[in-house]
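Note sheet for the following structure.
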Amino acid sequence: MNTEMKPVKEGKVCEIYDCGDSLVMVATDRISCFDVILKNDVRKKGTVLTQMSRFWFDMTRDILPNHMISVDVKDMPEFFRQSRFDGNSMLCRKLQMFPVECIVRGYITGSGWASYQKSGMVCGIALPEGLKESDKLPEPIYTPSTKVEIGDHDENISYEQSIVHLEKYFPGKGEEYAAKLRDYTIALYQKCADYALGRGIIIADTKFEFGLDEQGNIVLGDEMLTPDSSRFWPAEGYEPGHGQPSFDKQFARDWLKANPGNDWTLPEEIVEKTIGKYLQAYELLTGKQL
């Protein structure tokens, strides 16, 4: 009996189903640029993201546990045993999620570069003078943001503000949780960025999300080190002083910018180039073909 299930939460590109004591997270083939969901699907994108998260979750269990139970639909309720869920779905433990996005930057780019040009700082952290765009930072920096509902923009906060923010939700624990989230974020980034560099990919920055399990342990949740949550650059040809090419939806963004009046629809060749980038990143990092 295949009862129809409805997602309890739909993000721009992700759907979450409640299965009682667990969740199923489905990475769809939708793609969003500039906070708008495009009219095209990017075939296999959801599968790439799910399998990439699985790869990193397996690699980082020595640092802390994560929420992944299985990516095999045979382990999920019967509803998920249909082709549209095969490969792009993950059965997960339920967590009480922390209300912060844990962002770590190893290189200066994006909004961090814009902020540095104005003030020499990123999220309240003073950086050395004379950095160029895309330069590697002396040490990775932790720049958390508040998590908000879809449609609002997350707000960058300082580490000190993250203590205050967490204290509101977890009285008496703000300082402890803020320090642990920072330390886990940097440890995860350092291990994975070192590994990726050995495979020809620079992880310029990324974000993690954490939660608490029923025993009160901190557990890594959401997705992990995908091209949707991170900036991946090819190590070959890396050159500070300007923006870098990337393994993500930059093709799609660039085309949309260059073609106003596009009605949020991409030509087929741009869709193909975009999924090509995702697949290339997956194959370089895992050494496997999808």
Side-chain angles (χ1 to χ4, degrees), residues 56 59-60 63-64 98 100-148 153-167 174-210 220 224-250 253-254 281 284-285:
W56 294 117
M59 184 193 284
T60 53
I63 297 176
L64 85 164
F98 286 107
V100 285
E101 298 215 318
C102 297
I103 298 164
V104 55
R105 303 166 192 264
Y107 293 73
I108 189 146
T109 182
S111 62
W113 171 242
S115 164
Y116 173 77
Q117 286 176 290
K118 284 196 196 99
S119 64
M121 299 169 92
V122 176
C123 299
I125 300 169
L127 294 176
E129 283 177 31
L131 291 177
K132 300 196 288 289
E133 184 178 3
S134 309
D135 257 335
K136 185 173 186 184
L137 296 171
E139 291 289 323
I141 58 172
Y142 174 62
T143 60
S145 73
T146 56
K147 253 196 326 205
V148 292
H153 280 289
D154 297 341
E155 186 191 341
N156 290 334
I157 52 176
S158 66
Y159 173 68
E160 290 68 31
Q161 287 170 308
S162 79
I163 297 175
V164 177
H165 186 60
L166 286 163
E167 185 68 29
E175 199 156 346
E176 178 197 336
Y177 285 157
K180 283 184 170 166
L181 294 183
R182 175 195 62 199
D183 295 348
Y184 279 140
T185 295
I186 288 176
L188 288 166
Y189 173 77
Q190 285 184 310
K191 175 171 185 165
C192 298
D194 286 351
Y195 168 84
L197 198 54
R199 316 272 327 187
I201 289 184
I202 290 169
I203 303 175
D205 52 37
T206 192
K207 75 174 173 73
F208 300 117
E209 294 195 29
F210 300 89
L220 181 57
M224 181 176 186
L225 286 165
T226 69
D228 274 16
S229 65
S230 325
R231 279 192 181 90
F232 291 167
W233 299 337
E236 195 180 327
Y238 163 68
E239 180 190 56
H242 52 80
Q244 306 298 309
S246 58
F247 289 98
D248 60 12
K249 44 197 179 185
Q250 203 56 49
R253 288 194 202 100
D254 291 347
L284 279 171
L285 287 167

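Along the sequence shown, the residues carry numbers beginning at 1.
By the 4.5 Å heavy-atom criterion applied to side chains, Thr109 and Gln244 are not counted as neighbours. Residues Thr143 and Ile125 form a side-chain contact, since some pair of their non-hydrogen atoms from C-beta on lies under 4.5 Å apart. Looking only at side-chain heavy atoms (C-beta outward), Trp233 and Ile201 stay at 4.5 Å or farther from each other. Side-chain contact between Arg105 and Ser111: present, with at least one pair of heavy atoms (C-beta onward) separated by less than 4.5 Å. Thr206 places none of its side-chain heavy atoms less than 4.5 Å from the side chain of Met224. Between Leu188 and Leu220, some side-chain heavy-atom pair lies under the 4.5 Å cut-off. Looking at heavy atoms from C-beta onward, Tyr116 lies in side-chain contact with Leu131 at the 4.5 angstrom threshold.
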Q.
Before you tell me yes or no, could you show the steps for Ile157 and Cys123 under side-chain contact (heavy atoms from CB on, under 4.5 Å), namely the whole-Å CA-CA distance, both residues' side-chain angles and the distance that decides it to 0.1 Å?
A. CA-CA 6 Å; Ile157 52 176; Cys123 299; over 6 Å; no

Q: Kindly determine whether Asp228 and Asp248 satisfy side-chain contact (heavy atoms from CB on, under 4.5 Å), including the steps that lead there.
A: CA-CA 7 Å; Asp228 274 16; Asp248 60 12; 5.9 Å; no

Q) Hey, mind stepping through Thr146 and Val100 against side-chain contact (heavy atoms from CB on, under 4.5 Å) and telling me if it holds? A) CA-CA 5 Å; Thr146 56; Val100 285; 5.6 Å; no

Q: Applying side-chain contact (heavy atoms from CB on, under 4.5 Å), run through Lys191 and Ile63 and close with a yes or a no.
A: CA-CA 9 Å; Lys191 175 171 185 165; Ile63 297 176; 3.8 Å; yes

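The pair Lys147-Glu101 does not meet the salt-bridge criterion, since no charged nitrogen lies less than 4.0 angstrom from a carboxylate oxygen.
Tyr107 has its ring centre less than 6.0 Å from the ring centre of Tyr238.
Between the Ser134 side chain and the His242 main chain, a donor and an acceptor come within less than 3.5 Å of each other. Tyr195 places a side-chain N or O within donor-acceptor distance of the main-chain N or O of Leu285, the cut-off being under 3.5 Å.
Both the sub-6.0 Å distance and the 45° axial angle are satisfied by Arg182 relative to the ring of Tyr159.
Here the closest heavy-atom approach between residue Ser162 and residue Ala178 is recorded as OG-CB, 3.7 Å.
Atom OG1 of Thr185 sits about 8.5 Å away from atom CG of Asp183, to the nearest 0.5 Å.
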